[in-house]
Amino acid sequence: MIAIDRREGGDHGEPNSGVAIQRYLNEIEPLLEGSSRYPLRNPRTVIRVGIDDVSPDGSFRILDASGFDGYTKRSFELPSGVYTLSEEFSTEWYLVEKKTHELFHTLSGSDVEVDSALPDREESGTIEASYWSRWKEGTRSGQVYRQDIYPEVANHVLPEIVAARGRHRAVDLFGGDGEFVRLLQHSARVLGSTASLDWSLVDRDSASLSRARLHTNSPLARSREQQDGLKLTVHDPLDLTDVKKRQRLFREIGPQDLVTVIGGLNSSVITSVDAYQIAHDIREQLLVPGGTCVITGYTHSLLNRAMFIEMGFDVLQMSVPENIFANKLPRQLYVLRNPVHESAGE
């Protein structure tokens with residue numbers, strides 16, 4: 001479901017994004033005039049695009065729903081109603097798809113938000129703890145993390161790490177066996193990072209953390225640490241949904257320049273209430289002013305832009321737009337900043 005609507009609060013996107021959206025709406029409406037109507041059924045994914053200079057009545061939605069015949073119906077909701085292109089080889093649909101491609105290649109990740117359309121966001125069925133020890137081995141999710149998610153996050157945080165000088169502190173929450181941190185450390189070395197990089201790894205699964213320690217304590221890892229000024233501290237297993245233990249740890253490890261949460265604040269992992277509280281504590285207790293937090297994962301995020309703003313974050317990026325039509329589910333990738341508040345005397 002793609003909803004193009006007005007974003008409240010004067011939060012502007014790219015300079016030409018509003019023009020691109022308005023042109024898209026003008027071009028696409030005539031293609032849908034003769035389409036048959038079809039009721040909306042169980043939208044799976046919501047993709048929101050909010051630009052300030054779209055007119056209040058210029059909302060437009062594309063709704064993906066499974067039809068009774070097993071085919072995927074492409075439904076288009078304009079202010080005047082819901083339209084459906086249900087023909088398998090509809091010329092109109094291909095024209096619409098082409099123009100939608102053009103629109104989303106014009107927009108950036110700060111313009112597009114991917115959000116779930118699940119009816120109940122209060123609780124999520126969490127996976128048993130025993131699953132996490134070997135969750136990446138031979139699974140589809142493990143493949144997606146290695147091939148897509150880890151590289152995406154690395155591309156967003158590496159410029160900050162390479163540009164850092166002096167001591168740069170970072171923590172990977174729900175970091176498992178440390179595979180992502182090792183990828184990031186290696187990439188930073190290749191790109192010539194000269195900062196003293198202090199990483200912390202936090203997770204609840206003892207087996208995963210044991211594998212992380214084996215890598216960290218290897219002779220090769222110690223040699224690289226001494227040569228490149230890199231350090232990885234693997235903490236004892238900790239359930240981050242335990243409020244007292246979480247807040248104690250955040251105080252102990254001190255303010256961080258960068259926090260990554262990859263797959264931890266998503267459905268099937270924890271509840272949405274816990275996800276909100278953890279993200280809130282990250283901003284309040286863990287991030288330095290001006291620090292960056294990246295939140296993403298394989299399943300849908302339990303949090304969205306409005307929640308992050310409510311917590312006090314600046315939302316710099318909401319999604320990875322190039323994934324939207326790449327034959328896979330679009331994915332949230334929130335890049336957040338803990339704002340720097342100027343004192344009254346400045």
Side-chain angles (χ1 to χ4, degrees), residues 149-150 153-154 156-161 163-176 178 180-181 184-185 188 195-205 208-209 212 216 230-266 269-297 301-318 332-342:
I149 296 178
Y150 287 165
V153 179
H156 282 275
V157 302
L158 274 171
E160 173 183 334
I161 293 174
R165 296 294 180 266
R167 190 184 187 198
H168 196 74
R169 305 189 64 188
V171 58
D172 190 19
L173 302 179
F174 299 89
F180 169 72
V181 173
L184 207 58
Q185 288 179 328
S196 174
L197 301 176
D198 290 0
W199 277 89
S200 293
L201 186 67
V202 180
D203 200 272
R204 69 179 182 182
D205 183 65
S208 296
L209 293 174
T216 302
L230 302 175
K231 181 181 179 182
L232 174 60
T233 301
V234 181
H235 291 268
D236 292 334
L238 180 105
D239 184 355
L240 284 162
T241 64
D242 187 312
V243 178
K244 291 183 178 179
K245 291 181 179 179
R246 175 180 73 241
Q247 293 181 349
R248 184 185 307 121
L249 175 72
F250 285 4
R251 289 192 299 267
E252 288 175 358
I253 64 177
Q256 304 288 303
D257 300 292
L258 171 66
V259 176
T260 55
V261 192
I262 306 176
L265 304 183
N266 297 68
V269 181
I270 59 176
T271 68
S272 55
V273 172
D274 285 329
Y276 189 97
Q277 292 174 345
I278 291 171
H280 179 273
D281 285 350
I282 288 172
R283 198 201 76 78
E284 289 287 328
Q285 300 180 349
L286 197 57
L287 267 184
V288 299
T292 302
C293 178
V294 179
I295 296 175
T296 187
S301 172
L302 295 170
L303 306 172
N304 59 28
R305 173 181 176 270
M307 296 176 183
F308 291 127
I309 291 175
E310 183 180 66
M311 296 174 202
F313 282 109
D314 290 335
V315 181
L316 308 182
Q317 171 121 357
M318 296 184 290
Q332 302 103 326
L333 193 151
Y334 289 100
V335 181
L336 314 172
R337 179 165 294 156
N338 191 10
V340 178
H341 297 291
E342 296 181 359

V294/V261 under side-chain contact (heavy atoms from CB on, under 4.5 Å): CA gap, chis, key distance, verdict: CA-CA 6 Å; V294 179; V261 192; over 6 Å; no
Backbone of G254 reached by a side-chain donor or acceptor of Q256 within 3.5 Å: yes
Audit row: L249, H235, side-chain contact (heavy atoms from CB on, under 4.5 Å) steps and yes/no: CA-CA 9 Å; L249 175 72; H235 291 268; 3.8 Å; yes
Nearest atoms (heavy-atom pairs only) where M311 meets E284: O-OE2, 4.5 Å
Note, I161 side chain near P159 side chain (heavy atom, < 4.5 Å): no
L265 side chain reached by I270 side chain, heavy atoms, under 4.5 Å: yes
Pairing of R246 and D281 as salt bridge, 4.0 angstrom limit: yes
Heavy-atom closest contact (A164 atom, A195 atom, distance): O-CB, 3.5 Å
Heavy-atom closest contact (D203 atom, L209 atom, distance): O-CD1, 3.5 Å
Side-chain touch F174/I278, heavy atoms, less than 4.5 angstrom: yes
Verdict with reasoning, L336 to L316, per side-chain contact (heavy atoms from CB on, under 4.5 Å): CA-CA 6 Å; L336 314 172; L316 308 182; over 6 Å; no
Heavy-atom check, side chain of E160 versus side chain of H168, under 4.5 Å: yes
Heavy-atom closest contact (L201 atom, G175 atom, distance): CD1-CA, 3.5 Å
L184 side chain near W199 side chain, heavy-atom distance below 4.5 Å: yes
Test item: T296 side-chain N/O and Q332 main-chain N/O as donor-acceptor pair under 3.5 Å: yes
Distance in Å, K245 NZ paired with R204 CZ, rounded so as to fall on 0.5 Å steps: 12.5 Å
Min side-chain heavy-atom separation I295-C293 under 4.5 Å: yes
Any donor-acceptor N/O pair, R169 side chain to I253 backbone, under 3.5 Å: yes
Distance, nearest 0.5 Å, that separates CG of L287 from OG1 of T292: 7.5 Å
pair L173-L286: side-chain heavy atoms closer than 4.5 Å: yes
Aromatic ring pairing F308/F313, orientation class (parallel under 30°, perpendicular over 60°, tilted between): perpendicular
From CA spacing to verdict: side chain to side chain donor-acceptor pair (under 3.5 Å), T260, D172: CA-CA 5 Å; T260 55; D172 190 19; 2.8 Å; yes
Spatial distance of atom CD (Q277) from atom OG (S272) [nearest 0.5 Å]: 10.0 Å
Heavy-atom closest pair, residues D257 and R167: OD2-O, 4.1 Å
CA sep, side-chain torsions, deciding dist, call: F250, V171, side-chain contact (heavy atoms from CB on, under 4.5 Å): CA-CA 10 Å; F250 285 4; V171 58; over 6 Å; no
Value rounded to 0.5 Å, distance of CG in L240 from CG in D242: 9.5 Å
Side-chain heavy-atom pair N304, Y334 within 4.5 angstrom cut-off: yes
Heavy-atom closest contact (V234 atom, A212 atom, distance): CG2-CB, 4.2 Å
